[in-house]
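Comments concern the structure below.
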Amino acid sequence: MTVPSKDQILVQLKDDLPILPRGLLRVAKYIIDHPGDIGLDPIRMTAKKAAVSTNTLVRMAEHLGFDSYDAMRAPFRKALVSAATSRDQPVWVSEMREHRPFGPDLAQAATNGLSIVDQTYARQNYRQLDRVAHTLLGAPRVFLTGMRASYSLAYYLHYVGRMALPHMQLIPRHMGNAIDELEAAQPGDVMIAITFTPYSRETIEACAFARRKGVTLILISDSDILSPDFSADETLIAAATSSYPFGCYTGAMCLIEMLIATLVAKGGDPVKRRIAKYEALRRDNQAYWGAQRNR
């Protein structure tokens, strides 16, 4: 029997999601979202992180046709070794690690950040990015929401992205609820929702409400499995695993930059003219205040 690769296992898990019982569904989602951790962590650590028993992990291995959990874990370990040997670690990481007392922690955070960027870029489907940009540019209205830590990402995407999408609205405004501002949404409109583990309840509720309204939903997240209450039309995945208790959004920012670049390129001359007009406005404003100071 040919041992399946890590990617083949992930494909099978995604195909099996609708038929899995609750415990195995939790394990499947954890494996899909954290394939690197599966290769690194022992079974008890994985059980703790996934909030299941070790027996449930063994049952998942059996479901996938493996004789043991370690046999199921082996393709994930092999993928990690292959990735580690395919690139050299930067010299500055080793130098950083030598400084005490915080050098090792900083080196670990830096290495994690580099890995997250690499993972995020590697898993992007460029046809999907083009498809998402086409959808956004053709929509009558684009709503954008992100709560808690994801708000900073949503704010940046709105601030820069409105050059390509002047009809994009950052919601909620005025300390309200995103659902309040989706009341007038109609089929054909699009909502971009940004959320990472632990997923914001407000964002999940807004996504479910938008889908009920017939709004096209685009997710930017660390998983394409957020809630059984809805499914997105498109999900752009960014790795967010961190070496400290909070998520690392380095990969998410890289993904947003890729989306903005795609929007600018696909938007063509109208977008370039808006950017040029904005830059001219800034120059004129700087010149005005410079003249005021020289009086």
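The structure displayed is predicted, hence computed values, not measured ones.
- Considering every non-hydrogen atom in both Leu13 and Ala28, the closest pair reads CD2-CB, 4.0 Å.
- Arg44 CZ: 12 or fewer foreign heavy atoms inside a 6.0 Å radius.
- Atoms CD1 and CZ, from Ile220 and Phe196 in turn, are 7.0 Å apart once rounded to the nearest 0.5 Å.
- At a cut-off of 3.5 Å, with distance as the only test, no side-chain donor of Thr216 or Asp233 sits close to an acceptor on the other residue.
- Arg211 and Asp229 are not joined by a salt bridge, as no carboxylate oxygen comes within less than 4.0 angstrom of a charged side-chain nitrogen.
- Contact record, Ala154 with Gly146: CB-N, 4.0 Å, taken as the closest heavy-atom pair.
- In terms of modelled atom types and a separation under 3.5 Å, the side chain of Arg73 and the main chain of Ile38 share a donor-acceptor contact.
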Legend entry - Chi angles and distances behind the side-chain contact (heavy atoms from CB on, under 4.5 Å) call for Ile179, Glu205: CA-CA 8 Å; Ile179 290 177; Glu205 290 176 354; 4.2 Å; yes
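- The side-chain hydrogen bond (donor to acceptor under 3.5 Å, both in side chains) contacts involving residues 262-275 comprise Asp130-Lys266, where partners must be two or more places apart or lie in separate chains.
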Inset, instruction - Please test Leu20 against Met60 for side-chain contact (heavy atoms from CB on, under 4.5 Å), starting from the C-alpha separation and ending with a verdict. - result: CA-CA 10 Å; Leu20 292 175; Met60 173 56 79; 4.2 Å; yes
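- In this structure, CZ in Phe209 is found 10.0 Å from CE in Met191, a value given to the nearest 0.5 Å.
- You'll find the side chain of Cys207 reaches within 4.5 Å of the side chain of Leu217, heavy atoms only.
- Linking ILVMFWY side-chain heavy atoms closer than 4.5 Å, directly or via other members, places Val160 and Tyr278 in a single hydrophobic cluster.
- A parallel orientation is assigned to the rings of Tyr159 and Tyr155, their planes being inclined by less than 30° (bins at 30° and 60°).
- Between the OG atom of Ser53 and the CZ atom of Arg59 there is a distance of 6.5 Å, given to the nearest 0.5 Å.
- Atom CG of Asp67 is surrounded by 12 or fewer heavy atoms from other residues, nucleotides or ligands within 6.0 Å.
- In this structure, CG in Leu259 is found 10.0 Å from CD in Gln124, a value given to the nearest 0.5 Å.
- No side-chain heavy atom of Asn285 sits less than 4.5 Å from a side-chain heavy atom of Arg282.
- Residues Glu279 and Arg283 are in side-chain contact: their nearest non-hydrogen atoms beyond the backbone lie under 4.5 Å apart.
- The two residues Ile9 and Met72 come nearest to each other via the heavy atoms CD1-O, 4.0 Å.
- Considering all non-hydrogen atoms of both residues, Gln128 and Thr235 come closest at NE2-O, 3.1 Å.
- Other cluster members for Trp289: Tyr288, joined by side-chain heavy-atom distances under 4.5 Å among Ile, Leu, Val, Met, Phe, Trp and Tyr.
- Under a hydrophobic clustering in which Ile, Leu, Val, Met, Phe, Trp and Tyr are joined whenever their side-chain heavy atoms come within less than 4.5 Å, directly or via other members, Val132 and Leu255 fall into the same cluster.
- Around atom NE2 of His167, more than 12 heavy atoms belonging to other residues, nucleotides or ligands sit under 6.0 Å away.
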Legend entry - Worked verdict on Met147 versus Thr195 for side-chain contact (heavy atoms from CB on, under 4.5 Å): CA-CA 7 Å; Met147 303 297 289; Thr195 185; over 6 Å; no
Legend entry - Criterion side chain to side chain donor-acceptor pair (under 3.5 Å) on Asp222 and Tyr249, from CA distance to verdict: CA-CA 10 Å; Asp222 56 351; Tyr249 294 142; over 6 Å; no
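- Pairing each heavy atom of Asp189 with each of Pro140, the nearest pair is OD1-CB, 3.7 Å.
- Cluster annotation: Leu57 and Leu24 are assigned to the same hydrophobic cluster (Ile/Leu/Val/Met/Phe/Trp/Tyr, side-chain heavy-atom contacts under 4.5 Å, transitive).
- Side-chain atoms of Glu62 and Tyr69 form no donor-acceptor pair, as typed in the model, at a separation below 3.5 Å.
- Looking at heavy atoms from C-beta onward, Leu137 lies in side-chain contact with Leu165 at the 4.5 angstrom threshold.
- Considering every non-hydrogen atom in both Ala164 and Val271, the closest pair reads CA-CG2, 3.8 Å.
- At least one side-chain heavy atom of Tyr30 sits under 4.5 Å from a side-chain heavy atom of Asp37.
- Annotation: Arg100, atom CZ; neighbour count of heavy atoms from other residues, nucleotides and ligands within 6.0 Å is above 12.
- Thr111 places no side-chain N or O within 3.5 Å of a backbone atom of Gln108 that could act as its donor or acceptor partner.
- Taking CZ of Arg173 as the start and CG of Asp180 as the end, the distance is 11.0 Å to the nearest 0.5 Å.
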Inset, instruction - In sequence, state the C-alpha distance, the side-chain angles, and the governing distance for Val142 and Ile192, and then conclude on side-chain contact (heavy atoms from CB on, under 4.5 Å). - result: CA-CA 7 Å; Val142 176; Ile192 306 171; 4.0 Å; yes
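- Inter-residue side-chain proximity for Phe76 and Ser5 is flagged as unmet; no heavy-atom pair is nearer than 4.5 Å.
- In this model, a donor atom of one side chain and an acceptor atom of the other lie less than 3.5 Å apart for Gln119 and Ser115.
- Atom OH of Tyr126 has more than 12 heavy atoms from other residues, nucleotides or ligands within 6.0 Å.
- When the options Leu129, Leu219, Thr120 are evaluated for a side chain to side chain contact (heavy atoms under 4.5 Å, CB included) with Leu236, the one that passes is Leu129.
- With contacts defined as side-chain heavy-atom distances shorter than 4.5 Å, the pair Thr46/His34 does not qualify.
- Hydrophobic cluster membership differs between Ile237 and Ile194, with clusters built from Ile, Leu, Val, Met, Phe, Trp and Tyr side chains linked at under 4.5 angstrom.
- Connection of Tyr121 to Met253 is established within a shared hydrophobic cluster, with ILVMFWY side chains joined at heavy-atom distances below 4.5 Å, either directly or through further cluster members.
- Enclosure of atom CZ in Arg131 by more than 12 non-hydrogen atoms of other residues, nucleotides or ligands within 6.0 angstrom is indicated.
- Judged purely by atom type and a 3.5 angstrom limit, Asn294 uses its side chain to pair as donor or acceptor with the backbone of Gly290.
- Separation of atoms NE2 (His158) and CZ (Phe143) is listed at 11.5 Å; rounding is to 0.5 Å.
- Between the side chain of Lys213 and the backbone N or O of Glu183 there is at least one donor-acceptor pair closer than 3.5 Å.
- Taking the side chain as every heavy atom from C-beta outward, Gln169 and Leu144 never approach each other to under 4.5 Å.
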